[in-house]
Amino acid sequence: MTPDELQAARDRTAPDVVVGGLRVLFCGINPSLMTAATGHHFAFPGNRFWPVLHLSGFTSRLLMPSEQSELLRYGLGITNVVARSTARADELSAEEFRAGGKILTAKVERLRPQWLAVVGITAYRTAFGERRAQIGPQERTIAGARVWALPNPSGLNAHWTAQSMAEEYGRLRMAVAPGPLTDTDRD
């Protein structure tokens, strides 16, 4: 992908990977330019979402971003707090996060996932006004879904390794279903 192709993807959106009744709806901060250009979530090569999802036991094999629809077979989906793509999350305003939190709440009301996993603690804090929230399960529910704040898998989040992220994602995975998740055993 050329730099011009990436820049042309600025402010685009990426379609959600969702169906009703998911076990976990993973919610990224916003699409990267690579995600908007390809239509595949967490598509930037340095992003660790797909390896961490596999290492934590959510998927039986490492999926590529282009295989994102396979998540539905595991009862998993993907959306974002803010829909528009940017090169960096710090290009988003607090107002955009708060508006995104309202849109996300309506989406959760409609889709009824068991868990909403927000992938990025700052995005969660800003979108939902939870300034003291920490990584892990949250007290609040959103439209009936339990909430878990996870570390952002971006390569820019250097103080979390793939292994330490996998451990945190694994805690959520065990809360979702203590036994192994398979691609055919949706609730």
Has Ser32 got a side-chain atom pairing as donor or acceptor with Phe44's backbone, closer than 3.5 angstrom?
no
Under 3.5 Å, is there a donor-acceptor pair between the side chain of Arg112 and the main chain of Ala143?
yes
Would you check, one step at a time, whether the test side chain to side chain contact (heavy atoms under 4.5 Å, CB included) holds for Leu71 with Ile78?
CA-CA 9 Å; Leu71 289 177; Ile78 303 176; 3.5 Å; yes
CA sep, side-chain torsions, deciding dist, call: Ile103, Val81, side chain to side chain contact (heavy atoms under 4.5 Å, CB included)
CA-CA 8 Å; Ile103 293 166; Val81 175; over 6 Å; no
So, for Ala123 and Ile29, which heavy atoms are closest and what is the spacing to 0.1 Å?
CB-CG1, 3.8 Å
Thr79 side chain to Asp16 backbone, donor-acceptor under 3.5 Å:
no
Do Leu53 and Leu63 come close enough that some side-chain heavy atom pair is under 4.5 Å?
no
Any chance you could lay out the salt bridge (Lys or Arg N to Asp or Glu O under 4.0 Å) test for Glu70 and Arg73, step after step, and finish with the verdict?
CA-CA 6 Å; Glu70 292 293 311; Arg73 295 175 59 196; 2.8 Å; yes
Atom CD in Gln134, atom OH in Tyr124: separation rounded to 0.5 Å?
11.5 Å
Please report the closest heavy-atom contact between Ala145 and Pro113, naming both atoms and the distance.
CB-O, 3.4 Å
When you measure from the side chain of His41 to the backbone of Asn80, do you find a donor-acceptor pair of N or O atoms at a distance under 3.5 Å?
no
For a side chain to side chain contact (heavy atoms under 4.5 Å, CB included) check, start with the C-alpha distance between Phe97 and Thr122, then their side-chain angles and the critical distance, and finish with the verdict.
CA-CA 10 Å; Phe97 278 112; Thr122 301; over 6 Å; no
Could you check whether the rings of Tyr169 and Phe26 sit parallel, tilted or perpendicular, using 30° and 60° as the cut-offs?
parallel
Nearest-0.5 Å distance, CD of residue Gln163 to CZ of residue Arg48:
12.0 Å
Side chain of Tyr74, backbone of Ser60: donor and acceptor closer than 3.5 Å?
yes
Just so I know, are the side chains of Arg171 and Trp148 near enough to count as touching, which here means a heavy-atom distance under 4.5 Å?
yes
Within the distance-only criterion (no hydrogens, no angle test), does the side chain of Asn157 pair as donor or acceptor with the backbone N or O of Asn152 below 3.5 angstrom?
yes
Checking salt bridge (Lys or Arg N to Asp or Glu O under 4.0 Å) for the pair Glu67/Arg61: CA distance, chi angles, key distance, verdict?
CA-CA 11 Å; Glu67 297 176 296; Arg61 66 179 180 84; 2.8 Å; yes
Can you see which heavy atom on Ala117 is nearest to which on Leu172, and at what distance?
CB-CD2, 3.7 Å
Is there a path from Phe42 to Met1 through hydrophobic residues (I, L, V, M, F, W, Y) whose side chains come within less than 4.5 Å of each other?
no
Transitive ILVMFWY side-chain link Leu55 to Met174, under 4.5 Å:
no
What heavy-atom pair brings Arg84 and Asp11 nearest, and what distance separates the two atoms?
NH1-OD1, 2.6 Å
Report yes if some heavy atom in the side chain of Ile135 is under 4.5 Å from a heavy atom in the side chain of Glu168; otherwise report no.
yes
Does the side chain of Leu92 come within less than 4.5 Å of Thr86's, by heavy atoms?
yes
Would you tell me whether Ser85 and Asn30 have side-chain atoms, one donor and one acceptor, within less than 3.5 Å of each other?
no
Minimum heavy-atom distance Ala36-Ala9, with the two atoms named
CB-O, 3.6 Å
How about Thr105 and Phe128: do any of their side-chain heavy atoms sit closer than 4.5 Å?
yes
If we only count heavy atoms from C-beta on, is the Leu116 to Arg146 side-chain gap below 4.5 Å?
no
Side-chain donor-acceptor pair under 3.5 Å between Trp50 and Gln68, yes or no?
no
Okay, side chain of Gln7, backbone of Asp4: is any donor-acceptor separation there less than 3.5 Å?
no
Donor-acceptor pair, Glu130 side chain versus Thr126 backbone, under 3.5 Å?
no
So Cys27 and Val119, do their side chains get closer than 4.5 Å, heavy atoms only?
no
Of all heavy-atom pairs linking Gln138 and Ala149, the shortest is NE2-CB, 3.6 Å
If the test is side chain to side chain contact (heavy atoms under 4.5 Å, CB included), which one of Leu76, Val17, Leu72 qualifies with Leu22?
Leu72
Looking at Arg140, I want to see if its CZ is surrounded by more than 12 non-hydrogen atoms of other residues, nucleotides or ligands under 6.0 Å.
yes
Can Leu33 and Arg10 be said to form a side chain to side chain contact (heavy atoms under 4.5 Å, CB included), step by step?
CA-CA 6 Å; Leu33 297 181; Arg10 184 173 291 282; 4.0 Å; yes
Grouping I, L, V, M, F, W and Y whenever their side-chain heavy atoms are under 4.5 Å apart, do Val82 and Leu25 come out in a common cluster?
yes
Flag, side chain of Thr59 to backbone of Leu62, donor-acceptor distance under 3.5 Å:
no
Taking the side chain as every heavy atom from C-beta outward, state whether Pro153 and Met165 have any pair of such atoms under 4.5 Å apart.
yes
Arg125 backbone acceptor or donor facing Arg132 side chain under 3.5 Å
no
